[in-house]
A.B. asks: 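There's a structure below that I have some questions on.
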Amino acid sequence: MESSQLTSSANHPYTRSLMASVLSVREMEHQMQAQKQEKKQEQEQVLRKILSG
């Protein structure tokens with residue numbers, strides 16, 4: 001594919017919205033992973049408190 005074709009397809013509204021939705025899905029997944037990590041850390045802290053008495 002030529003670069004001129006790529007830019008014209010990238011400027012296409014459908015392609016742009018598709019790329020935007022893919023990015024938003026990735027962002028959501030990233031946030032979910034971060035929340036899981038935070039919960040895990042919280043659980044570990046609680047366990048440590050219980051174990052240390």
Side-chain angles (χ1 to χ4, degrees):
M1 260 182 122
E2 288 177 19
S3 57
S4 58
Q5 279 182 308
L6 278 173
T7 48
S8 63
S9 66
N11 288 333
H12 199 273
Y14 175 76
T15 311
R16 260 203 296 218
S17 62
L18 191 70
M19 284 169 71
S21 62
V22 167
L23 282 174
S24 61
V25 166
R26 277 193 191 155
E27 185 63 31
M28 277 168 57
E29 283 176 354
H30 182 71
Q31 283 176 354
M32 281 171 70
Q33 285 294 112
Q35 284 175 351
K36 276 185 192 170
Q37 201 66 28
E38 280 175 20
K39 280 200 177 118
K40 204 168 154 189
Q41 285 172 354
E42 278 176 27
Q43 287 173 348
E44 282 173 7
Q45 282 176 352
V46 169
L47 276 175
R48 281 199 197 112
K49 277 181 188 171
I50 291 169
L51 286 173
S52 64

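If you're wondering where the values come from, they're calculated on a predicted model, not measured in any experiment.
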A.B. asks: Partners of Gln33 by side chain to side chain contact (heavy atoms under 4.5 Å, CB included), sequence neighbours excluded?
C.D. replies: Lys36
A.B. asks: Considering all heavy atoms of both residues, which atom of Ser21 and which atom of Ser24 are nearest to each other, and what is their separation?
C.D. replies: O-OG, 2.7 Å
A.B. asks: Rounded to the nearest 0.5 Å, how far apart are CG of Leu51 and CZ of Arg48?
C.D. replies: 9.5 Å
A.B. asks: Given a cutoff of under 4.5 Å between side-chain heavy atoms of I, L, V, M, F, W and Y, with clusters grown through shared members, what are the other residues clustered with Met28?
C.D. replies: none
A.B. asks: Give me the other members of the hydrophobic cluster that Tyr14 sits in, counting Ile, Leu, Val, Met, Phe, Trp and Tyr linked by side-chain heavy atoms under 4.5 Å, directly or via other members.
C.D. replies: Leu18
A.B. asks: Quick one: name the residues clustered hydrophobically with Val46, using the 4.5 Å side-chain heavy-atom rule over I, L, V, M, F, W, Y, and just say none if it's on its own.
C.D. replies: Ile50
